[in-house]
Amino acid sequence: MVDVDYLDEGAADGPAIVFLHGIPGSPDWFGAVADRLRARHRVIRVDTREQSGDFSAAARTRPIRALVNELDLRDVTVVGHSFGAELALELAATSDRVARVVVVGQGPDYETARFPSAASWIVRAPVVRAVQRLTPSTIVRLGNRAGFAPGFRFGGAPGAADWIVRDFRTAMPDGLAYAVGNRRADLAANPLDARAAALTVPVLAIHGRHDNLYDATATLSRFAEAGAQTHLVEHAGHSPQVEQPDEFASVLTEFIASGGSSKL
């Protein structure tokens with residue numbers, strides 16, 4: 001029995017895709033893409049929200065690897081958004097069931113990252129629960145708008161206005177603290193582009209032009225130098241799978257159909 005929640009949808013005999021969300025996040029961040037893929041693909045959206053304690057990639061990937069084994073998935077495409085990108089690379093490095101990796105909205109390290117200066121103070125455990133509980137939903141939505149491209153409207157992503165607030169209120173404080181704290185040193189010691197270069201399976205990096213957390217040009221350049229394919233989504237920010245699901249699904253399916261060898 002695996003120790004992780006997940007949604008298993010779509011064509012049972014189709015190519016398997018495992019989606020891993022970020023922090024804060026939930027399987028809903030891949031919902032629109034899943035809608036576009038499930039007719040011909042087996043779509044597994046893993047829910048890592050309850051993971052806490054040890055936030056190393058090895059520890060957080062262990063139950064995901066057990067799930068892939070339990071479901072007896074083969075030739076898997078694993079897609080990780082933001083924090084989930086690190087888990088996707090770790091899964092590929094530790095499971096021969098993974099055939100290709102997609103890194104979404106995540107820089108190799110924090111060299112060009114832009115986090116609010118007060119972030120490390122705000123996410124300290126004694127403070128974060130009060131902020132999560134007391135911040136009005138309207139303010140949560142306004143704060144999250146900075147993560148999307150100019151002109152993005154929640155109405156264009158059905159349900160997003162609700163699950164963005166829910167995910168903010170239920171995010172693990174220690175996970176948020178790690179994301180803006182010790183993760184910086186961990187990625188500096190072992191950047192994700194170096195991890196991608198060490199893999200024997202193809203890697204695709206997808207990034208939104210208007211990502212306010214990680215510089216798109218620098219991020220894609222570094223992944224390209226590591227041997228990865230890259231795709232820039234012009235009209236998206238940190239979450240292109242939410243903002244431009246049609247383009248995202250098209251690029252992803254082309255990557256899978258080509259075996260990871262085509263130019264995107």
Side-chain angles (χ1 to χ4, degrees), residues 19-35 45 47-52 55 80-86 104-107 110 112-181 183-184 206-219 232-248:
F19 290 106
L20 306 173
H21 63 78
I23 297 177
S26 69
D28 288 318
W29 289 75
F30 283 107
V33 170
D35 289 343
R45 289 182 283 159
D47 189 343
T48 65
R49 284 176 291 179
E50 296 302 317
Q51 293 184 350
S52 61
F55 277 88
H81 173 231
S82 196
F83 195 101
E86 185 175 357
V104 185
Q106 176 61 58
Y110 283 6
T112 62
R114 299 180 290 261
F115 291 106
S117 58
S120 60
W121 178 81
I122 292 173
V123 299
R124 296 187 183 199
V127 178
V128 66
R129 281 304 186 198
V131 174
Q132 289 173 303
R133 184 176 68 255
L134 299 175
T135 303
S137 296
T138 301
I139 301 302
V140 174
R141 295 187 185 101
L142 285 174
N144 274 274
R145 284 287 297 277
F148 299 105
F152 174 78
R153 296 290 182 269
F154 288 120
D162 295 322
W163 46 255
I164 280 176
V165 174
R166 179 204 64 207
D167 293 345
F168 167 76
R169 298 203 191 284
T170 59
M172 290 288 184
D174 49 353
L176 293 172
Y178 174 74
V180 299
R183 190 175 186 234
R184 177 183 295 273
I206 301 177
H207 216 91
R209 169 75 74 185
H210 301 283
D211 190 343
N212 289 319
L213 290 179
Y214 303 99
D215 181 84
T217 301
T219 292
L232 179 66
V233 182
E234 287 287 349
H235 302 293
H238 186 59
S239 304
Q241 80 279 14
V242 175
E243 300 168 78
Q244 300 294 337
D246 287 328
E247 179 177 349
F248 189 95

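We're numbering straight along the sequence, starting at 1.
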Within the structure provided, determine whether [X] and [Y] are in side-chain contact (heavy-atom separation under 4.5 Å).
{"X": "Val233", "Y": "Phe248", "value": "no"}
{"X": "Leu20", "Y": "Arg45", "value": "no"}
{"X": "Phe148", "Y": "Arg153", "value": "no"}
{"X": "Val104", "Y": "Gln241", "value": "yes"}
{"X": "Phe19", "Y": "Val33", "value": "yes"}

Nearest heavy-atom neighbours spanning [X] and [Y]:
{"X": "Leu176", "Y": "Pro24", "answer": "CD2-CD, 3.7 Å"}
{"X": "Gln132", "Y": "Pro173", "answer": "OE1-CG, 4.3 Å"}
{"X": "Leu232", "Y": "Gly208", "answer": "CD1-C, 4.1 Å"}
{"X": "Phe154", "Y": "Ala161", "answer": "CB-CB, 4.0 Å"}
{"X": "Gly175", "Y": "Phe55", "answer": "CA-CZ, 3.3 Å"}
{"X": "Asp211", "Y": "Leu213", "answer": "OD1-N, 2.8 Å"}

What is the distance from atom [atom1] of [X] to atom [atom2] of [Y], rounded to the nearest 0.5 Å?
{"X": "Ile164", "Y": "Ser239", "atom1": "CD1", "atom2": "OG", "result": "7.5 Å"}
{"X": "Asn144", "Y": "Ile139", "atom1": "CG", "atom2": "CD1", "result": "11.5 Å"}
{"X": "Asp35", "Y": "Asp246", "atom1": "CG", "atom2": "CG", "result": "10.5 Å"}
{"X": "Thr112", "Y": "Tyr110", "atom1": "OG1", "atom2": "OH", "result": "11.5 Å"}
{"X": "Arg209", "Y": "Asp215", "atom1": "CZ", "atom2": "CG", "result": "9.5 Å"}

query: Given the rule in the side-chain contact (heavy atoms from CB on, under 4.5 Å) test, do Thr48 and Phe83 qualify, once you have shown the distances and angles that lead to the verdict?
result: CA-CA 11 Å; Thr48 65; Phe83 195 101; over 6 Å; no

Does any N or O in the side chain of [X] come within less than 3.5 Å of the main-chain N or O of [Y], such that one atom is a donor and the other an acceptor?
{"X": "Arg114", "Y": "Asn212", "result": "yes"}
{"X": "Arg169", "Y": "Thr135", "result": "yes"}
{"X": "His235", "Y": "Ala149", "result": "no"}
{"X": "Arg49", "Y": "Ser26", "result": "no"}

- prompt: Of all residues at least two apart in sequence or in a different chain, which pass the side-chain hydrogen bond (donor to acceptor under 3.5 Å, both in side chains) check with Asp28?
  reply: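 Result, side-chain hydrogen bond (donor to acceptor under 3.5 Å, both in side chains) vs Asp28: Arg166.
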
query: Could you walk me through whether Arg183 and Glu86 pass the side-chain contact (heavy atoms from CB on, under 4.5 Å) check?
result: CA-CA 11 Å; Arg183 190 175 186 234; Glu86 185 175 357; 3.1 Å; yes

field: Identified side chain to side chain donor-acceptor pair (under 3.5 Å) partner of Tyr214 from the options His238, Gln106, His207
entry: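 Looking at His238, Gln106, His207, the match for Tyr214 under the side chain to side chain donor-acceptor pair (under 3.5 Å) is Gln106.
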
query: Angle class for the Phe30/His81 ring planes (parallel below 30°, perpendicular above 60°, tilted otherwise)?
result: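 Perpendicular, since the angle between the ring planes exceeds 60°.
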
